[in-house]
Amino acid sequence: MSIIRTENLCKSFGDLQVLKNVNLTVNPGEVIVIIGPSGAGKSTFLRSLNTLETITEGSIFIEDELFCRAEKGHIVEKMEPEAHKAALLEMGMVFQRFNLFPHKTVRENVEIAPIHVRKVSQEEAARRATDLLERVGLSDKADEYPNRLSGGQQQRVAIARALAMEPKIMLFDEPTSALDPELVGEVLTVMKDLAQQGMTMVVVTHEMGFAKEVADRVIFMADGEILEEKTPEELFSNPEHPKAQQFLASVLT
């Protein structure tokens with residue numbers, strides 16, 4: 001059973017077609033890394049999976065159940081509302097920007113969604129927050145406010161916050177692109193640990209080293225399409241599509 005599957009996924013903004021018949025299957029425990037030039041549609045694809053963008057055509061399946069299907073710019077079929085909401089809660093997402101609540105402490109940022117959305121008890125939320133902040137190496141920052149943290153630390157809090165909802169899959173939209181170079185490594189280390197622990201992940205990134213080391217499959221996108229889909233070793237050593245060759249030559253030099 002796949003975690004997520006897309007069939008002929010399309011997304012247009014007016015006359016601009018950003019996604020063109022994207023077909024991708026993500027299996028439990030897989031780490032899928034999506035690479036490609038700016039404007040390829042990578043982030044739009046990720047945002048379409050959890051309805052931050054409304055698809056124009058095609059279908060999304062979650063655990064082999066139809067999540068939604070669109071035709072000619074309209075959603076024509078989707079899960080029942082409660083099932084739809086539950087499915088969305090199984091997807092954690094980490095963005096380029098951290099979007100932490102500035103008036104709440106690190107611990108409170110991690111606790112708030114489980115309490116108000118998952119309806120877990122304060123005690124359970126506190127336990128999760130303690131465990132997760134230790135997991136991302138920030139136990140000593142639990143009572144600090146976000147403005148007292150570095151960008152890398154704030155992004156690690158954002159990862160802990162997403163994990164506190166106990167999702168089945170984590171979506172990462174260029175999680176290190178807003179960070180200073182010296183802070184990138186600490187975030188990638190947390191993501192590598194997640195992968196080693198079996199978390200299903202779809203990651204849009206420009207960090208080729210991470211893709212080589214962690215991905216089960218690397219997806220190369222350009223012009224709204226998947227042009228190659230291979231293991232890291234295959235793609236980085238022997239890209240076949242000219243656009244993949246050109247892109248990798250520019251980023252690996």
Side-chain angles (χ1 to χ4, degrees), residues 1-13 18-19 22-34 41-71 73-101 104 108-121 124-125 128-129 132 155 157-175 191 194-195 197-204 219:
M1 180 175 65
S2 62
I3 292 280
I4 289 182
R5 185 172 84 252
T6 67
E7 293 183 356
N8 301 317
L9 199 69
C10 299
K11 172 63 181 177
S12 296
F13 295 100
V18 179
L19 298 176
V22 177
N23 295 284
L24 181 65
T25 298
V26 182
N27 296 310
E30 270 196 309
V31 178
I32 306 296
V33 175
I34 304 175
K42 307 181 301 294
S43 293
T44 299
F45 175 70
L46 213 61
R47 292 168 62 87
S48 296
L49 296 179
N50 65 1
T51 69
L52 290 175
E53 300 289 355
T54 302
I55 61 175
T56 308
E57 297 271 352
S59 302
I60 300 173
F61 295 84
I62 296 181
E63 295 186 327
D64 293 341
E65 297 287 333
L66 181 65
F67 181 60
C68 64
R69 182 169 64 87
E71 293 179 1
H74 299 284
I75 300 297
V76 295
E77 190 177 358
K78 68 177 183 179
M79 285 180 172
E80 293 296 322
E82 285 302 312
H84 191 271
K85 178 182 175 181
L88 282 175
L89 293 180
E90 300 298 348
M91 286 185 270
M93 189 158 184
V94 176
F95 300 88
Q96 297 177 32
R97 295 292 174 182
F98 328 120
N99 300 318
L100 299 176
F101 293 113
K104 293 187 177 296
E108 289 168 340
N109 267 279
V110 178
E111 291 175 346
I112 190 168
I115 291 171
H116 292 283
V117 181
R118 288 284 196 188
K119 307 301 182 185
V120 306
S121 67
E124 171 62 15
R128 288 187 195 181
L132 288 167
Q155 192 62 296
V157 175
I159 294 173
R161 178 182 58 185
L163 290 172
M165 295 290 284
E166 297 187 338
K168 291 182 178 178
I169 183 170
M170 286 284 287
L171 310 176
F172 291 89
D173 185 10
E174 298 190 18
M191 294 170 64
L194 281 178
Q197 292 161 17
M199 173 60 75
T200 307
M201 298 162 60
V202 181
V203 183
V204 170
I219 308 298

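It should be emphasised that the depicted structure is a prediction, and the values quoted were computed from it without experimental measurement.
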All heavy atoms of Ile159 vs all of Leu194, minimum pair found to be CG2-CD1, 4.1 Å

Less than 4.5 Å apart, any side-chain heavy atom of Lys42 and any of Glu174? yes

Out of curiosity, Phe101 CZ to Glu108 CD, how far, rounded to the nearest 0.5 Å? 11.0 Å

Do Glu63 and Lys168 make a side-chain contact, defined as non-hydrogen atoms from C-beta onward lying under 4.5 Å apart? yes

Indicate the atoms forming the closest heavy-atom contact of Pro28 with Ser2, along with that distance. CD-CA, 4.3 Å

I'd like to check Phe95 versus Arg47 (side-chain heavy atoms, cut-off strictly below 4.5 Å). Are they in contact? yes

Is a donor on one side and an acceptor on the other found under 3.5 Å between the side chain of Gln155 and the backbone of Pro175? yes

Ser59 side chain vs Arg69 backbone, donor-acceptor pair below 3.5 Å: no

Exercise: identify the closest heavy-atom pair between Glu30 and Thr25: OE1-O, 4.0 Å

Look at the side chain of Asn109 and the backbone N and O of Ala158, then say whether any donor-acceptor pair between them is shorter than 3.5 Å. no

Taking Thr56 for the side chain and Gly73 for the main chain, is one N or O donor matched with an acceptor at less than 3.5 Å? no

Find out whether Met191 and Val94 are in side-chain contact, i.e. whether some heavy atom of one side chain is under 4.5 Å from a heavy atom of the other. no

Expected output: side-chain Ser48 to main-chain Ile55 donor-acceptor under 3.5 Å: no

Verdict with supporting geometry, Asn50 and Met93, side-chain contact (heavy atoms from CB on, under 4.5 Å): CA-CA 9 Å; Asn50 65 1; Met93 189 158 184; 3.1 Å; yes

For a quick test of reading the model, state the closest non-hydrogen atom pair linking Val204 to Ser43 and the distance between them. CG1-OG, 4.4 Å

Test side-chain contact (heavy atoms from CB on, under 4.5 Å) applied to Asn8 and Glu57, step by step: CA-CA 7 Å; Asn8 301 317; Glu57 297 271 352; over 6 Å; no

Ile4 versus Met91: any side-chain heavy-atom pair under 4.5 Å? yes

When rounded to the nearest 0.5 angstrom, what distance separates CG in Asp173 from CD1 in Ile34? 9.5 Å

Can you name the nearest heavy-atom pair linking Gly92 to Ala162, along with the distance? CA-CB, 4.4 Å

Can you tell if the side chain of Glu82 reaches within under 4.5 Å of the side chain of Glu80, non-hydrogen atoms only? no

Might you work through the side-chain contact (heavy atoms from CB on, under 4.5 Å) test for Leu9 and Phe45, ending with a clear yes or no? CA-CA 8 Å; Leu9 199 69; Phe45 175 70; 3.6 Å; yes

Residue that, paired with Val202, satisfies side-chain contact (heavy atoms from CB on, under 4.5 Å) out of Ile3, Ile219, Val26: Val26

Verdict with supporting geometry, Phe13 and Glu53, side-chain contact (heavy atoms from CB on, under 4.5 Å): CA-CA 10 Å; Phe13 295 100; Glu53 300 289 355; 3.6 Å; yes

Step by step, would you call Arg118 with Glu124 a salt bridge (Lys or Arg N to Asp or Glu O under 4.0 Å)? CA-CA 11 Å; Arg118 288 284 196 188; Glu124 171 62 15; over 6 Å; no

Atom pair CZ/CG of Arg5 and Leu49 - distance to nearest 0.5 Å: 13.0 Å

Test applied, side-chain contact (heavy atoms from CB on, under 4.5 Å); reference residue, Met170; option that passes from Leu163, Thr200, Val31: Leu163

Rounded distance [0.5 Å steps], CG in Leu171 versus CD1 in Ile32: 12.0 Å

About how many Å separate NZ of Lys11 and OG1 of Thr54, when rounded to the nearest 0.5 Å? 5.5 Å

Would you say that more than 12 heavy atoms from the other residues, nucleotides or ligands in this model lie under 6.0 Å from the CD of Gln197, or not? yes

Quick check for you: to the nearest 0.5 Å, what is the distance between Leu66 atom CG and His84 atom NE2? 9.5 Å

Of all the heavy-atom pairs spanning Ser121 and Ile115, show the shortest one and how long it is. O-CG1, 4.4 Å

Say whether, by atom type as modelled, one donor and one acceptor occur between the side chain of Arg128 and the main chain of Glu166 under 3.5 angstrom. no

